[in-house]
Amino acid sequence: MSILVTGGAGFIGSHTCLNLLESGYDVFVLDSFVNSSPESLARVKSICEKDKKPKRDLHVFKGDLRNASILKDIFTKANEINKKIDGVIHFAGLKSVKESVEKPILYWDANVGSTINLLNVMQSFDCSTIVFSSSATIYGRSSKTKLKENFKLKPINPYGSTKMVIEKLLNDLFVNYSGSWRVANLRYFNPIGAHESGLIGENPKGIPNNIFPFLTNVAAGNLEELRIFGKNWPTIDGTGERDYVHVMDLAEGHVKTLEFLINNGPQCLSMNLGTGKGTSVLQLLNIFEESNSLKIPHTFVERRSGDVARLVADNSLLKSLLNWYPKRTLNQMCKDGWRWQVNNPRGY
Ligand code: NAD
Ligand code: WQD
């Protein structure tokens, strides 16, 4: 079977491509490299080559998802070599909350515009299976209880709005095309860590916004100290609580979800992809220090605008449908993420 992975060179995409190839799928990637490097996919290939498993093909195309002709070329090429694309995992998009507030039109165009283009081309090539990268950010507000998929959606920034509207668009396709579409909206929580080889990992441009790459850069001495945003949140120790999930579990979750759609017929599913376990910033810091025998200089500063106290997944739907759940521990996330940083001090 062949799968098109949009944004496959990115952080989550590259780990998922590896898992797809190792699970026996041929993979076609379309990526503009606006936020990634082709080197990530070269490394995916080299990890596969070291494995003894039967090799599948990885085809990489450089281009923007808003460009219909390159998309059509990929589907056509796949047909010509008898590798018809059976499904799409759709990661491509912009993901900075801060930038989305500054440039909402760019975000609507890059995320929603590109998805409309993708869906049009998929339809014309009779491909109607899609796993979409949604985000816990669409829930918008903090919750004392774990977040369930049927909670009210209320995104508080343009990035979150684009994710919510794409979910709605995909639901409209399922409802209005007599149930031919197989759709899964995966709402990720906080993916961290890296592949255990230390060859692929997260490679943010400039100073990282997210806590984990910030932490590894402080540990490496590239940044002076971790600034903890707020110490009076209504959480266990006053610092923000999140549901951190190992990126390889996230990758595995995509392949399991894809297989669930293939085996279970047309539907439109929205599902949390998290561990169901909350961890505060101070707890994460302590586990990182202990796992890697390091000390991280840190200081407390004001709350960050737009932050919420707690975002933790109720992952019971995932467990019951897929008969699978993320199993890697925070200790593994911290060890694997630090190995990637040490082995690649300047990224790719
Ligand atoms: P990433 O930026 O590393 O990967 C996205 C990839 O898409 C990059 O390789 C980028 O070059 C590519 N891309 C962007 N716009 C494109 C376009 N118009 N055409 C072709 N390629 C394009 O991000 P990631 O962390 O791997 O996230 C992947 C997806 O998951 C994104 O849609 C993101 O919104 C979503 N998501 C990420 C997180 C997270 O914390 N990392 C959480 C929830 C959801
Ligand atoms: C985690 C915790 C911060 C940095 C973001 C996006 C979300 C999703 C995942 C894409 C919070 C604290 C952080 C720092 C800190 N991405 N923190 N010092 O905000 O949960 O989610 O990434 O969909 O949409 O909003 O992740 O890693 O930025 O923050 O104290 O330097 O760490 O306050 O409690 P967040 P994060």
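Numbering of ligands and ligand atoms starts at 1, following listing order. Residue numbers count from 1 along this sequence. What you see below is based on every heavy atom in this structure, not just the backbone, and it leaves out hydrogens, waters and symmetry mates.
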Run the side-chain hydrogen bond (donor to acceptor under 3.5 Å, both in side chains) test on Asp243 and Thr275 for me, step by step, so that the C-alpha distance in whole Å, both residues' side-chain angles and the decisive distance to 0.1 Å come before the verdict. CA-CA 6 Å; Asp243 185 336; Thr275 62; 2.6 Å; yes
Tyr159 heavy atoms within 4.0 Å reach ligand 2 at atoms 10 (C), 23 (O), 24 (O)
Counting heavy atoms only, name the option from Phe229, Phe214, Phe300, Tyr188 that's nearest to atom 4 (C) of ligand 2. Phe229
Do NZ/NE/NH1/NH2 and the carboxylate oxygens of Glu39 and Arg43 come within less than 4.0 Å? yes
Return yes if some donor-acceptor pair links the side-chain N/O of Thr299 with the main-chain N/O of Arg227 below 3.5 Å, else return no. no
Under a 4.5 Å cut-off applied to non-hydrogen side-chain atoms, are Val5 and Asp31 in contact? no
Any donor-acceptor N/O pair, Ser280 side chain to Thr239 backbone, under 3.5 Å: no
Answer yes or no: does atom OH of Tyr325 have more than 12 heavy-atom neighbours from other residues, nucleotides or ligands under 6.0 Å? no
Polar-atom distance check: Phe189 versus ligand 2, any N or O pair below 3.5 Å? no
Considering only protein heavy atoms, which is closest to atom 5 (C) of ligand 2, and at what distance to one decimal place? Asn210 ND2, 3.5 Å
Remaining members of the apolar cluster that contains Phe151, side-chain heavy atoms under 4.5 Å: Ile138, Tyr139, Leu147, Leu153, Met164, Phe189, Val308, Leu311
among protein heavy atoms, the one nearest atom 12 (C) of ligand 2 is Val281 CG2, 3.7 Å
Only heavy atoms of Thr137, strictly under 4.0 Å: list the atoms of ligand 2 that pass. 24 (O)
Taking only heavy atoms of Arg227, which atoms of ligand 2 are found under 4.0 Å from at least one of them? 14 (C), 15 (C), 18 (N), 30 (O), 31 (O)
Please set out all donor-acceptor pairs under 3.5 angstrom arising from side-chain atoms of residues 332-341, sequence neighbours excluded.
| from | atom 1 | to | atom 2 | distance (Å) |
| --- | --- | --- | --- | --- |
| Gln332 | OE1 | Thr329 | N | 3.1 |
| Gln332 | OE1 | Thr329 | OG1 | 3.4 |
| Lys335 | NZ | Ser291 | O | 3.3 |
| Asp336 | OD1 | Arg339 | NH1 | 2.8 |
| Asp336 | OD2 | His246 | NE2 | 2.9 |
| Arg339 | NH1 | Glu196 | O | 2.9 |
| Trp340 | NE1 | Glu202 | O | 2.8 |
| Gln341 | OE1 | Thr216 | OG1 | 3.1 |

Quick check on ligand 1: any N or O pairs to the protein under 3.5 Å? One line per pair.
| from | atom 1 | to | atom 2 | distance (Å) |
| --- | --- | --- | --- | --- |
| ligand 1 | 2 (O) | Asn35 | ND2 | 2.7 |
| ligand 1 | 3 (O) | Phe11 | N | 2.9 |
| ligand 1 | 9 (O) | Gly10 | N | 3.2 |
| ligand 1 | 9 (O) | Asp31 | OD1 | 3.2 |
| ligand 1 | 9 (O) | Asp31 | OD2 | 2.6 |
| ligand 1 | 9 (O) | Ser36 | OG | 2.7 |
| ligand 1 | 11 (O) | Asp31 | OD1 | 2.7 |
| ligand 1 | 11 (O) | Val34 | N | 3.1 |
| ligand 1 | 11 (O) | Asn35 | N | 3.0 |
| ligand 1 | 11 (O) | Ser36 | OG | 3.3 |
| ligand 1 | 18 (N) | Asp64 | OD1 | 3.0 |
| ligand 1 | 19 (N) | Leu65 | N | 2.9 |
| ligand 1 | 21 (N) | Ser32 | N | 3.1 |
| ligand 1 | 21 (N) | Ser32 | OG | 3.4 |
| ligand 1 | 23 (O) | Lys95 | NZ | 3.4 |
| ligand 1 | 25 (O) | Lys95 | NZ | 2.7 |
| ligand 1 | 26 (O) | Phe11 | N | 3.2 |
| ligand 1 | 26 (O) | Ile12 | N | 2.8 |
| ligand 1 | 32 (O) | Phe91 | O | 2.7 |
| ligand 1 | 32 (O) | Lys163 | NZ | 2.9 |
| ligand 1 | 34 (O) | Tyr159 | OH | 2.6 |
| ligand 1 | 34 (O) | Lys163 | NZ | 3.1 |

Has Arg310 got a side-chain atom pairing as donor or acceptor with Glu241's backbone, closer than 3.5 angstrom? no
Which residue and non-hydrogen atom of the protein lie closest to atom 8 (C) of ligand 2, and at what distance in Å? Ser135 OG, 4.2 Å
Where on Ile211 is there a heavy atom closer than 4.0 Å to ligand 2, on the side chain, on the backbone, on both, or on neither? both
Are Lys163 and Tyr107 close enough that some pair of their side-chain heavy atoms sits under 4.5 Å apart? no
Counting each atom of ligand 2 from 1 as listed, which ones have a heavy atom of Asp307 under 4.0 Å away? 3 (C), 19 (O), 33 (O)
Taking His298 for its side chain and Ile296 for its backbone only, find out whether a donor-acceptor pair lies under 3.5 Å. yes
Ion pair check, Arg242 and Asp307, cut-off under 4.0 Å: yes
Which of these, Arg242, Glu225, Lys231, Lys98, has its nearest heavy atom closest to atom 11 (C) of ligand 2? Arg242
Quick look: Val97 vs ligand 2, heavy-atom contacts under 4.0 Å, and the answer is side chain
Which bit of Phe212 gets closer than 4.0 Å to ligand 2, counting heavy atoms only: side chain, backbone, both or neither? neither
Atoms in ligand 2 flagged as close to Gly240, the criterion being non-hydrogen separation under 4.0 Å: 34 (O)
Give the atoms of ligand 2, by number and element, whose distance to some non-hydrogen atom of Asn209 is under 4.0 Å. 4 (C), 28 (O)
Ligand 2 versus Tyr244, non-hydrogen atoms closer than 4.0 Å: side chain, backbone, both, neither? side chain
May I ask you to identify, for Glu241, whether its side chain, its backbone, both or neither come under 4.0 Å of ligand 2 on a heavy-atom basis? neither
Look at Lys83 together with Asp57 and state whether they make a salt bridge at an N to O cut-off of under 4.0 Å. yes
Evaluate Asn190 for polar contact with ligand 2, using N/O atom pairs at a separation under 3.5 Å. yes
Electrostatic pair Arg66:Asp109 at N-O distance under 4.0 angstrom: yes
Going by atom type alone, with no hydrogens or angles, which donor-acceptor pairs under 3.5 Å involve a side-chain atom of residues 173-180 and a protein atom two or more places apart or on another chain?
| from | atom 1 | to | atom 2 | distance (Å) |
| --- | --- | --- | --- | --- |
| Asn176 | ND2 | Asp172 | O | 2.9 |
| Tyr177 | OH | Gln123 | NE2 | 3.4 |
| Ser180 | OG | Tyr177 | O | 3.1 |

